[in-house]
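Below you'll find the structure, written out as structure tokens, and then a few comments.
Whatever order the structure lists ligands and atoms in, that order sets their numbers, starting from 1.
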Amino acid sequence: MEGMNLFAKLEYVNPVGSIKDRAAYWILKRAAERGEICDETTVIESSSGNFAAALATFTRLVGLRFIPVIDPNISGTYESFLRRICSTVVKVEERDDTGGFLKTRLQMVQQLCATIPNAYWTNQYENRDAMEAHYELTASEICAGFDSLDYAFIGVGTAGTIAGVSRRLKEHYPNIRIIAVDTEGSVIFGGAPRKRHIPGVGSSIVPPLLSHARIDDVVLIPERETAKACRELLTTHGLFVGGSSGTSFAALKRYAPKMTGSRHPTVLFLCPDRGTPYLDTVFDDTWVTRLE
Ligand SMILES: Cc1ncc(COP(=O)(O)O)c(C=O)c1O
């Protein structure tokens, strides 16, 4: 990108393939340390894909049962993955009053927790250990990698990433500006709810962890622009990354004229996962033309 020193943090190199590995690992670790989970525990979580994949892998590693609650927006790749390694997968089909699936998924989680003995809901929307994971792990790596940093663009779903990363980066780089990135149709920053199709960024609720984030500005991106940005990252930067990475790239391109101060600011954006699960959506021309 002209006019800035641009860096992408590629979180798809995590063991299961996304930034959610960090939250899943840290939440399970802390719950075990506090004695909240034991060998008989069944872990339950509502996830659009990445978090469920990470939990499925790590619970399996330590011999715990895991039931993911998913919805039709999940990519086929993740659904197949979960069905192969979890004995039970619950898929909700009904949209909630905002047009999304989140509220229906959360109702299902409550129902399962009330009926399954020793159920443990990792509750990624409110669990402060998710935020701590990004404060301790994700942000530490960023701080170790940059002497100075002017802007960080971070997509928001549960807000765990932005809450943890923004707090640590503000401590380390007092003048950094944290730009939150969201999708049009998401209600996180007060927009009107609308049907969304790309998982990861955006939500039909305001996530409680958002109140811990230190945000200077917000950019909302329409889904078509996300698709365009994902293709641009692939063809002009050689980065094959997922929807939320494209959303952040689109946001920093829009925001570039507003970047003041240093003539060539150092800018970082996070790439939470790889493009493979999005081949039939974001990277498919026919699918993109059907977007509103
Ligand atoms: C691909 C992807 N990008 C971004 C996010 C948003 O991260 P957070 O939930 O920490 O706000 C998620 C969360 O599920 C995700 O799966």
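- Not a single heavy atom of I162 sits less than 4.0 Å from an atom of ligand 1.
- Taking each of S244, A130, A180, A54 in turn, the one with a heavy atom nearest to atom 4 (C) of ligand 1 proves to be S244.
- The stretch residues 113-123 participates, sequence neighbours left out, in these side chain to side chain donor-acceptor pair (under 3.5 Å) pairs: E36-Y120, E45-W121, E45-T122.
- Using a 4.0 Å cutoff on heavy atoms, S18 does not count as a contact of ligand 1.
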Please output the side-chain donor-acceptor pairs of residues 215-223 that fall under 3.5 Å, not counting sequence neighbours, one pair per line with the distance.
residue, atom, partner, partner atom, Å
D216, OD1, K170, NZ, 3.1
D216, OD2, K170, NZ, 2.7
D216, OD2, I178, N, 2.7
D217, OD2, Y255, OH, 2.7
E223, OE1, H197, N, 3.2
E223, OE1, H197, ND1, 2.8
E223, OE2, H197, N, 2.6
E223, OE2, I198, N, 2.8

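- Considering backbone and side-chain atoms together, Q124 places no N or O closer than 3.5 Å to any N or O of ligand 1.
- Looking at atom 13 (C) of ligand 1, its nearest protein heavy atom turns out to be K20 CE, 2.8 Å.
- Among G157, P277, A133, G155, the residue whose heavy atom lies nearest to atom 11 (O) of ligand 1 is G157.
- Closest heavy-atom approach to atom 8 (P) of ligand 1 within the set T158, I154, I19: this belongs to T158.
- In summary, the aromatic rings of Y173 and F146 are positioned with their centroids too far apart to meet the 6.0 Å limit.
- Within the 4.0 Å heavy-atom criterion, the part of P272 lying near ligand 1 is the side chain and not the backbone.
- Contact annotation for Y78 and ligand 1: no heavy atom of the residue comes within less than 4.0 Å of the ligand.
- Two residues are said to be in side-chain contact when any heavy atoms from C-beta on lie closer than 4.5 Å; Y78 and I70 fail this criterion.
- Annotation: A159 places an N or O atom under 3.5 Å from an N or O atom of ligand 1; distance criterion only.
- Contacts of D273 with ligand 1, taken as heavy-atom pairs under 4.0 Å, involve the side chain alone.
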